[in-house]
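Remarks on the structure that follows.
Chain A is the first sequence line, chain B the second, and so forth, proteins listed ahead of strands; every chain is numbered from 1.
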There are 2 protein chains.
Amino acid sequence: MAKAASSRPIESHAPTMVDVALRAGVSTMTVSRALKEGSRVSKATREKIMAAVNDLGYVLDQSAGSLSSRKTGFVAAIVPSINNSNFADTARGITDELESTGLQLLLGYTDYTAEKEERLIEAMFRRRPEGIILTGGAHTDRARRLLKSAGIPVVETWELPVKPIDQVVGFSNEEAMGLLVKTLARKGYRKFGYIGGTTSRDTRGSQRREGFIRAIEELGLPPGRLVSFGVPPISIEQGGQAVVSMLERWPDTEAVLCVSDLSAFGALMECKRRGMRVPQDIAIAGFGDYEVAAFCHPGITTVNVDCYGIGQQAARRLIQVIRGDGKRHGQEIVLTGYRVVEREST
Amino acid sequence: MAKAASSRPIESHAPTMVDVALRAGVSTMTVSRALKEGSRVSKATREKIMAAVNDLGYVLDQSAGSLSSRKTGFVAAIVPSINNSNFADTARGITDELESTGLQLLLGYTDYTAEKEERLIEAMFRRRPEGIILTGGAHTDRARRLLKSAGIPVVETWELPVKPIDQVVGFSNEEAMGLLVKTLARKGYRKFGYIGGTTSRDTRGSQRREGFIRAIEELGLPPGRLVSFGVPPISIEQGGQAVVSMLERWPDTEAVLCVSDLSAFGALMECKRRGMRVPQDIAIAGFGDYEVAAFCHPGITTVNVDCYGIGQQAARRLIQVIRGDGKRHGQEIVLTGYRVVEREST
DNA sequence: TGTTGATATGGTATCGATAACATGCCTTTG
DNA sequence: CAAAGGCATGTTATCGATACCATATCAACA
């Protein structure tokens with residue numbers, strides 16, 4: 001046999017809708033309809049088409065489709081880090097909510113910097129998402145401009161931005177931390193310390209610190225002791241180091257509040273390693289209600305935030321606008337709940 | 001003024017490359033070149049174009065671009081869950097490695113089921129990714145067919161599949177767990193227990209269990225005690241419940257190995273809550289070297305896996321093929337390292 | 001039986017960018 | 001000084017699907 005002399009091309013292209021249409025003996029338009037839910041195609045035709053699709057191993061090309069339909073089916077979401085279980089939960093809430101809608105998630109991480117967020121927003125806008133979910137309300141000027149002029153719904157989450165761009169699904173980190181302080185003050189603690197990161201990169205962290213300071217003031221307690229340690233997000237290890245530095249400077253601290261449960265867990269383990277009794281010698285509390293806080297020993301008092309629900313509701317808002325329930329497309333603000341969870345560490 | 005009689009449309013469309021070209025007084029082709037790195041456009045022209053881009057707030061439309069260039073710039077990655085820090089680390093390794101290449105990540109979760117993986121693969125293939133990274137080697141038949149006929153590089157990770165599809169970046173979970181058993185046996189432990197999930201959904205978990213059983217056999221130790229508890233991924237809480245059931249049935253168990261550090265941590269905390277001394281009364285070890293294992297008290301002996309590196313290397317392999325370094329596009333297998341990390345819990 | 005309307009399907013233009021080739025100008029060089 | 005070649009830019013034809021409108025078919029009904 002003459003080598004490669006066959007009339008069939010050596011490497012055939014991936015099949016397109018035209019191939020399917022030819023094989024099924026219909027037009028591409030009918031194939032397109034057959035592959036889209038809720039379009040009217042006769043049963044016989046649909047079966048012929050599906051057979052052709054299977055034979056050829058055809059997979060729809062959405063890039064091409066979205067060019068003509070002007071709908072990409074993408075939703076963008078930007079979180080500070082996916083290696084933080086709180087945000088991973090939010091991402092999952094979004095994904096789960098999108099699943100039934102056929103919308104697909106484009107996920108990106110900012111590493112807690114507004115510059116990276118700006119770059120990400122631009123990179124994602126090149127894909128023409130139909131909506132975007134952001135974490136927090138701090139954006140560069142250019143990012144704000146991009147977001148406002150994109151003509152798509154924007155949801156800011158996890159905070160209550162002073163100047164919301166569009167919709168908001170979040171809570172006041174300041175108030176939440178304040179509530180934690182008040183809860184502990186009611187138990188009799190008076191000398192409070194706070195452990196957080198060094199910079200203002202993590203805006204939620206800064207807001208929690210503000211909430212801490214303000215609550216202490218309002219209660220007329222001795223000024224809080226603040227330890228800043230490490231670049232956010234502050235890790236378990238850094239939580240341990242921070243509590244050491246706190247105890248060196250203010251050995252009589254009665255209760256230490258941490259910007260997140262991870263640092264609280266680090267602080268707790270460090271105290272135990274040093275033979276201190278928690279909460280008798282020192283009380284420790286965190287923020288975020290990570291799984292580890294519930295099951296470590298002693299359990300860590302913390303503030304539970306509805307991470308998953310934030311993602312779910314943010315996605316829901318987007319879907320409503322995108323799928324055009326015609327509803328108010330105004331600046332809507334959804335408050336998500338939080339609650340103090342008291343455990344043995346305080 | 002006659003209402004809406006102005007010649008300017010009420011809502012102008014988002015600007016396209018044509019708008020930019022008109023404003024800059026060049027052709028769209030020149031705009032396209034100016035916006036793409038490494039294309040030759042005179043400095044003056046480029047500046048004119050950039051000015052127009054800024055004035056109009058133009059953002060390139062990659063969907064359209066990829067249709068004609070036949071390069072989407074997407075890479076797909078599928079992990080069991082993003083709420084597991086090991087896989088989140090892998091995802092980050094991928095993202096970081098892709099960052100400088102202009103490739104964008106499409107991330108999906110299978111929730112540890114092959115069916116969902118199949119659906120995800122198809123959904124992602126509609127976006128015509130230039131490569132795909134999978135977790136594990138267990139796929140449905142249809143998924144295998146899709147993967148093989150897609151004509152793009154495929155990297156399977158985190159395991160050493162018996163029948164690799166294309167490239168592999170991973171390690172033997174069986175051997176790794178075996179090494180852990182041997183390390184502990186050398187310290188004198190003889191009555192071993194194993195805690196894992198109930199089903200075979202988590203293939204890596206099953207492989208670890210196999211490795212456990214085989215190592216015990218090879219060492220001629222008394223048969224291992226196996227407790228299966230909960231649907232994978234098994235949580236901190238379930239680890240605690242599992243160890244209780246282990247101790248009820250086999251109170252004399254000397255060392256408990258867990259499918260992951262999360263369950264090990266749960267087991268550890270439960271034991272401490274019951275006043276048991278670890279490792280004197282019972283030794284506990286995990287798998288994965290999560291941050292919590294290093295900083296809890298006592299620290300948990302575990303197997304460190306290069307999660308981040310797996311992602312990084314998988315992405316690197318893809319990039320090499322996609323960006324066409326012409327290298328061997330054969331079935332390449334990259335073994336990633338692991339090591340037992342001994343801590344106070346054993 | 002002719003008309004109406006519902007249903008199924010096809011034809012054509014187009015979405016917004018880029019590949020490939022074409023053109024024109026300017027510099028280099030024997 | 002003519003030929004050759006490099007560089008910047010323009011022209012045209014797609015990429016693969018879908019919107020939109022046209023057409024064909026058939027049943028129902030007056």
Five pairs per end, C1' atoms only: what is the angle between the end axes of the helix from C/dT1-D/dA30 to C/dG30-D/dC1, to 10 degrees? 40°
What are the 5'-most and 3'-most nucleotides of DNA chain C lying under 4.0 Å from any heavy atom of chain A? C/dA8 to C/dG16
Salt-bridge present (B/Asp61, A/Arg126; N to O < 4.0 Å): no
Examine D/dA8: is either OP1 or OP2 under 4.0 Å from a nitrogen or oxygen in the side chain of B/Thr30? Give yes or no. no
Measure the OG1-CD distance between B/Thr203 and B/Glu159 for me, rounded to the nearest 0.5 Å. 3.5 Å
In residues 45-65 of chain B, which residues come under 4.0 Å of DNA chain D by heavy atom? B/Thr45
Donor-acceptor check, side chain of A/Arg70 to backbone of A/Leu67, threshold 3.5 angstrom: yes or no? no
Do B/Glu118 and B/His139 have side-chain N/O donor and acceptor atoms under 3.5 Å apart? no
Once you apply a heavy-atom cut-off of 4.0 Å, does A/Val26 come out as touching a base, just sugar-phosphate, or nothing? sugar-phosphate
Would you tell me whether B/Thr113 and B/Thr110 have side-chain atoms, one donor and one acceptor, within less than 3.5 Å of each other? no
Cut-off 3.5 Å, no hydrogens considered: what does the side-chain donor-acceptor table look like for residues 15-23 of chain B, sequence neighbours left out?
residue: B/Thr16; atom: OG1; partner: B/Val18; partner atom: N; Å: 3.2
residue: B/Asp19; atom: OD2; partner: B/Thr16; partner atom: N; Å: 2.7
residue: B/Arg23; atom: NH1; partner: B/Asp55; partner atom: OD2; Å: 2.6

Are a donor atom and an acceptor atom from the side chains of A/Ser69 and A/Ser66 found within less than 3.5 Å of each other? no
Is a donor from one side chain sitting under 3.5 angstrom from an acceptor on the other, for B/Tyr109 and B/Asn83? no
Can you tell me how far C1' of D/dT14 sits from CG of A/Leu67, to the nearest Å? 12 Å
According to ring pair (Phe, Tyr, Trp, His ring centres under 6.0 Å), does anything in residues 40-74 of chain B pair up with another residue at least two apart or in another chain? List the pairs. A/Phe74-B/Phe74
Going by the rule side chain to side chain donor-acceptor pair (under 3.5 Å), which residues pair with A/Arg127 if we only count those two or more places apart in sequence or in a different chain? B/Gln62, B/Gln104
